[in-house]
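A quick write-up on the structure given underneath.
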Protein chains: 2
Amino acid sequence: MSEPLDPDMFAGCPPVTGPVRIGDKWTAKIIRCLESGPRRFTELQAPLRGITPKVLTASLRAMERDGLLTRTAYDEIPPRVEYALTDLGRSLIEPMNAGCAWSRAHLAELTEARASWQAG
Amino acid sequence: MSEPLDPDMFAGCPPVTGPVRIGDKWTAKIIRCLESGPRRFTELQAPLRGITPKVLTASLRAMERDGLLTRTAYDEIPPRVEYALTDLGRSLIEPMNAGCAWSRAHLAELTEARASWQAG
DNA sequence: CCGAATCCTCCTGGATACTG
DNA sequence: CAGTATCCAGGAGGATTCGG
């Protein structure tokens, strides 16, 4: 439930996920990272391959605003902040999986079409 | 199969469809327009509420490049061009419907969360 | 450790006008 | 009818630096 995230968990994902997109550039990956339990800011940074703090903060704030996740700050030293999915955020996993299923089934065709267009 | 498109067919759709997005801004709507059969350039412009020719052309070209639709030009006067979905394009309808289902079920929660954030 | 502040660049999408 | 050509504004995403 709280094993460390694999820094390479998105290594197999193509740079462009295809036509099906959830939220902005990072939303879907953040949801995947939180699927197995709450995570800290720095934990999220690792698998998200060099995302800058500003962009990660912006994405998390937007998702919090939309009720997709909650932010909990513990008043400790050193500071600790945890992000966790809400039920609403978790409900996005279903359409996300539909998108991933499409990609697995058809993304190769799309890539091929794009390549043969470049050739022609 | 070839009845004229309702110019208001997207009137009920909220300006922002929510977190689930297919392709770029217009891709999903274009697919909906072509679902019931091939359509001409001008036919598509009507329900897409004032999309400029340049943007519609760009979207159609991108979708043609990706193998989502075909473009057929008939050498007549006046000129006639028809756009039709490919099987690959049609395969996107399934994840699209999943996204629409999510919106119908949860978009209100998201909007509400966003509003109460603004208030707080 | 968890950000905020500032500055910058690219890309999407659009307005407007014109053409075979 | 079905586009093309040109110009332009806004916002997403990023680099870098600084603070509590």
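By convention in this document, chain letters (A, B, ...) are assigned in the order of the sequence lines, proteins followed by strands, and residues within each chain are numbered from 1. Nothing here was measured: the structure is a model prediction, and the numbers come from that model.
- Residues of residues 68-76 of chain A having a heavy atom closer than 4.0 Å to DNA chain C, listed by number: A/R71.
- Rounded to whole angstrom, the span from the CZ atom of A/R39 across to the C1' atom of C/dC1 amounts to 17 Å.
- In this structure, B/W26 has no side chain to side chain donor-acceptor pair (under 3.5 Å) partners at least two apart in sequence or on a different chain.
- Of the listed nucleotides (D/dC1, D/dG3, C/dG3), D/dC1 has the atom at the smallest distance from the side chain of B/P78.
- Ranking C/dT16, D/dA2, C/dG13 by closeness to the B/V55 side chain, first place goes to C/dG13.
- Residues satisfying the side chain to side chain contact (heavy atoms under 4.5 Å, CB included) criterion with B/T52, sequence neighbours excluded, are B/K54, B/V55.
- Here C/dG3 presents its C1' atom at 17 Å from CZ of A/R80, a figure rounded to the nearest Å.
- When all heavy atoms of B/P95 and A/W102 are compared, the closest pair comes out as CG-CD1, 3.7 Å.
- Under the rule for a side chain to side chain contact (heavy atoms under 4.5 Å, CB included), B/A105 has no partner lying at least two apart in sequence or in another chain.
- Atom-to-atom, CD of B/Q45 to P of D/dA2 comes out at 9 Å; the value is rounded to the nearest Å.
- D/dT4 atom P lies 10 Å from atom CG of B/L60, rounded to whole Å.
- Contact annotation for B/V81: backbone-only contact, meaning every heavy-atom pair under 4.0 Å involves sugar-phosphate atoms and none involves a base.
- For the pair B/R40 and D/dA2, the criterion of a side-chain N or O lying under 4.0 Å from OP1 or OP2 is met.
- Listed by chain and number, the residues in a side chain to side chain contact (heavy atoms under 4.5 Å, CB included) with A/R80 are A/R40, A/Y74, A/E76, A/E82 (sequence neighbours excluded).
- Across C/dA15, C/dC1, D/dG3, the shortest atom-to-atom separation from the side chain of B/T57 is found for D/dG3.
- Summarising the geometry, the separation between CG on B/L56 and C1' on D/dC1 is reported as 13 Å, rounded to the nearest angstrom.
- Distance, A/R61 CZ to D/dG13 C1': 17 Å, rounded to whole Å.
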task: Kindly indicate, with the supporting measurements, whether the criterion side-chain contact (heavy atoms from CB on, under 4.5 Å) is fulfilled by B/R71 and B/L60.
output: CA-CA 8 Å; B/R71 177 182 183 275; B/L60 291 170; over 6 Å; no

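- Taking atom CD of residue A/E43 and atom C1' of nucleotide C/dC1, one finds them 12 Å apart after rounding to whole Å.
- Here salt bridge (charged side-chain N to carboxylate O under 4.0 Å, His left out) pairs that include residues 97-119 of chain B, with residues two or more places apart or in two chains, are A/D66-B/R114.
- The interatomic distance linking A/W26 (CH2) with D/dG13 (C1') rounds to 9 Å, in whole Å.
- Residues that satisfy the side chain to side chain contact (heavy atoms under 4.5 Å, CB included) test with A/A11, not counting sequence neighbours, are A/D8.
- A/N97 is linked by a side chain to side chain donor-acceptor pair (under 3.5 Å) to A/R32, counting only residues two or more places apart in sequence or in another chain.
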- line: Counting primed atoms, P, OP1 and OP2 as sugar-phosphate and everything else as base, the B/S/- map of nucleotides 7-12 of chain C against protein heavy atoms under 4.0 Å is B-----

